[in-house]
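Chain naming here is simple, since letters A, B, ... match the order of the sequence lines and numbering starts at 1 in each.
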Number of protein chains: 2
Amino acid sequence: MPVANVTTIQDVARHAEVSASTVSNVLNGRGDRMRPETRERVQAAIAALQFRPSKLAQQLKTGQTPLLGLLVPSMANPMYGFIAREVESCAQERFGLRLLIGSTYRDAAKEAAFFEDMLAHGVRRVIVISSLAEERHLESAVERGMAVMSYDRRATPGQPSAVGHVTPDNFEAGRLATAHLVAHGHRRLAFVTVAGMTMSRRDKMAGFHAAATAAGLAGSAKVLDGGPLDEYGDSVIAEVGRAMGLQLAADPERPTGLVALNDLMALGLMAGLREGGVAVPRQVSVVGIDGLFLAALSNPGLTHVQLPIREMAQAMVEAIAGEGAPPPEQIFRQVRLVERASVAAPPQ
Amino acid sequence: MPVANVTTIQDVARHAEVSASTVSNVLNGRGDRMRPETRERVQAAIAALQFRPSKLAQQLKTGQTPLLGLLVPSMANPMYGFIAREVESCAQERFGLRLLIGSTYRDAAKEAAFFEDMLAHGVRRVIVISSLAEERHLESAVERGMAVMSYDRRATPGQPSAVGHVTPDNFEAGRLATAHLVAHGHRRLAFVTVAGMTMSRRDKMAGFHAAATAAGLAGSAKVLDGGPLDEYGDSVIAEVGRAMGLQLAADPERPTGLVALNDLMALGLMAGLREGGVAVPRQVSVVGIDGLFLAALSNPGLTHVQLPIREMAQAMVEAIAGEGAPPPEQIFRQVRLVERASVAAPPQ
DNA sequence: ATGAAAGCGCTAACAT
DNA sequence: ATGTTAGCGCTTTCAT
């Protein structure tokens, strides 16, 4: 089956009574190489025929595709939707790049397949939000000619990497959230997470422990590990939170101050606690991490640590769309606590 | 700059000591045209060199791109994230199609630019969630060789369309939500929406009015129109809801039963009402439309009309990826009310 | 059973 | 100032 009824550079050339190269020249900003009159004729022909040069053919020739790959755990997770929005608008407005998006559901095979496909599609820049322990596949993508940026991971120390890394200061985010609880008088603290360890989770937990230790609470601070995420990946994280909230509600020895892995988890936690008859923040305080706009809508409003999503998205796009190797590691430290109503003093 | 260090069909041919056409033949399931021994040599070479045929070149030749365009108002809106997830997984698993996504922020120029780009990229199938009044640009995309599916719009009656339409039964959704309020004894009803009319909003409102009329409430039922959405499009819809909730809270004559345009609006409404000191559902009842998982997390849990998102997503992908013209209109009638806790009897 | 050749739509030397 | 040519990586007749 032939390509659709699209006009080609030849059609334009014929219409303007010039050669294809002349058309190509005006297309590529070399209009000064010809008589103004010719240029105008060509431009008129382009307009008349509604000609848009095929990116396919351009790519085949130049090896460059104006496409950016974005790999997220799940598009149904509002957090990634938010990041995707920022990535897209920056990529589009500043660099004229379109977005080719994929969800991995945190599955290594899906992630690998995505990279294969990107390569085959001629996509040479990709941003990955991965939770895989290994980063070898990313390095190998770079070796195959890609520019890749990894979000929410640190560069492996001592191991020079061709992969760029952008991450919020997860340690500080965890610390800030925990310190806020401590400041309100909480002595029984827990960090609530899902099964499976990622680098960013580890950092948030380290921040949690650091704050607890600083308050002399090292002994009592604990980590609560929810169930694993099912095939659907990330939107179920709230379900896990809800189940844990329910479970905590039934436990008279439960912690009074909870730091959630992220806002979705926090929202789920609050729902579970409430269902279990426990009042937030009167009986239990909860703080989230992320900065989802949804946190402002919850009841009580969720106190959380806001991450500089837009800045990070822009940094990733710039690093990947610009020339030269991306910086191996950029840590965004502008994390700040947004107080709402989910934190109060613990019950006496 | 040349294409990256990628192996081509020529490399494979050389490695296997055959011609490129032979390699192409094994690639395209014509392995029976040669000696098994040859085939094996080729396959070994493919594996050894990690060869993936360039989709670019294939496309240029065949005119087919295994890419699906998806145009949404905003990826930051969880509803569209959810739809995108379903579209992606169906497109990928069943048809091997990758997703090229774009946000329009309900802007006609951005929408047009997206279509231009898709065309230039050789993308021949696109799913659009548009709120533009006109559908001419879609028809013209079809004329230019695209298969296009439109979500949440009806086909214009009497006007044969090459564009396929998939939509939930918005009328029934609005009716169901309203009837639920009526069944709980509400007599002062309002449909709460944002500025700007779309086809689906009109249908939901019609359902609202039909239910109100059936209950003898035609006179008192009213439509409340919030502010316009700013550049960011859709995530601010919750903000509009919040502002309206606040406003309603201050109005002693306010309706007691609210049908929100969608779940995000409903969530915002509840937050605004609460901030204004009005209790949901004791003083005001709220019902949403969509079926966001977030509705289960709110406090009180949001009663809403669930739309068959997955089914619709699959239908769109199948219509567009299959052969032949897409059906001009498919209305999905499996809308159902999910009861939670945001509806109760009105205050006496 | 296999290969040579043409061509998809474009770009960029290199002529003229 | 403009045209000719070669070629990007692949598919597909058509020869051999």
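At the heavy-atom level, A:Arg30 lies under 4.0 Å from the strands shown only through sugar-phosphate atoms.
With a 4.5 Å cut-off on side-chain heavy atoms, B:Ile320 and B:Pro326 do not count as touching.
Only B:Ser21, B:Ser24, B:Leu27, B:Asn28, listed by number, bring a heavy atom of residues 12-29 of chain B to less than 4.0 angstrom from any atom of DNA chain D. At a non-hydrogen distance threshold of 4.0 Å, B:Phe51, B:Pro53, B:Ser54 from residues 45-56 of chain B come into contact with DNA chain D.
For the pair B:Glu329 (side chain) and B:Ala155 (backbone), a donor-acceptor distance under 3.5 Å is present. With hydrogens and angles disregarded, no donor-acceptor distance shorter than 3.5 Å links the side chain of A:Asp107 to the backbone of A:Thr104. Listed for the A:Asn28 side chain is no donor-acceptor partner under 3.5 Å among the backbone atoms of A:Asn25.
Spacing between atom CD of B:Gln10 and atom C1' of C:dA5 amounts to 12 Å, rounded to whole angstrom units. For B:Gln64 and D:dT11, the CD to P distance is 14 Å, given to the nearest whole Å. One atom, CG of A:Leu60, and another, P of C:dG7, lie 17 Å apart when rounded to the nearest Å. Nucleotide D:dT11 holds its C1' atom 13 Å from the CD atom of B:Gln59, rounded to whole Å. Counting to the nearest Å, the C1' atom of C:dA4 and the CD1 atom of B:Ile9 are 14 Å from each other. Going from atom CD of B:Glu40 over to atom C1' of C:dA1 covers 15 Å, rounded to whole Å. Spacing between atom CG of B:Asp32 and atom P of C:dT2 amounts to 12 Å, rounded to whole angstrom units. Distance CZ (A:Arg33) to P (D:dT2): 12 Å, rounded to an integer number of Å.
Looking at the side chain of A:Met34, the nearest of the listed nucleotides D:dT2, C:dA1, C:dG9 is D:dT2. Of the candidate nucleotides D:dG9, D:dT11, D:dT2, D:dT2 has the atom nearest to the side chain of A:Arg35.
A donor-acceptor contact closer than 3.5 angstrom is absent between the side chains of B:Gln330 and B:His165. For the residue pair B:Glu135/B:Thr156, the side-chain donor-acceptor check at 3.5 Å is not satisfied. Judged by distance alone, the side chains of B:Ser103 and A:Glu88 do bring a donor and an acceptor atom under 3.5 Å apart. A donor-acceptor contact closer than 3.5 angstrom links the side chains of B:Ser161 and B:Glu139.
Contact between the side-chain N/O atoms of A:Gln58 and the OP1/OP2 oxygens of C:dC10 is not found at any separation under 4.0 Å. Listed pair A:Thr38 / D:dT2 meets the phosphate criterion, a side-chain N or O lying under 4.0 Å from OP1 or OP2.
With hydrogens and angles left out, the side chain of B:Lys61 and the base of D:dG9 share no donor-acceptor pair within 3.5 Å.
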Using residues 36-51 of chain A as the side-chain source, report each donor-acceptor pair under 3.5 Å to any protein atom, sequence neighbours left out, with the distance given to one decimal.
| unit_1 | atom_1 | unit_2 | atom_2 | d |
| --- | --- | --- | --- | --- |
| A:Glu37 | OE2 | A:Arg41 | NH1 | 2.9 |
| A:Arg39 | NE | A:Gly31 | O | 3.0 |
| A:Arg41 | NE | A:Ala16 | O | 2.9 |
| A:Arg41 | NH2 | A:Ala16 | O | 3.1 |

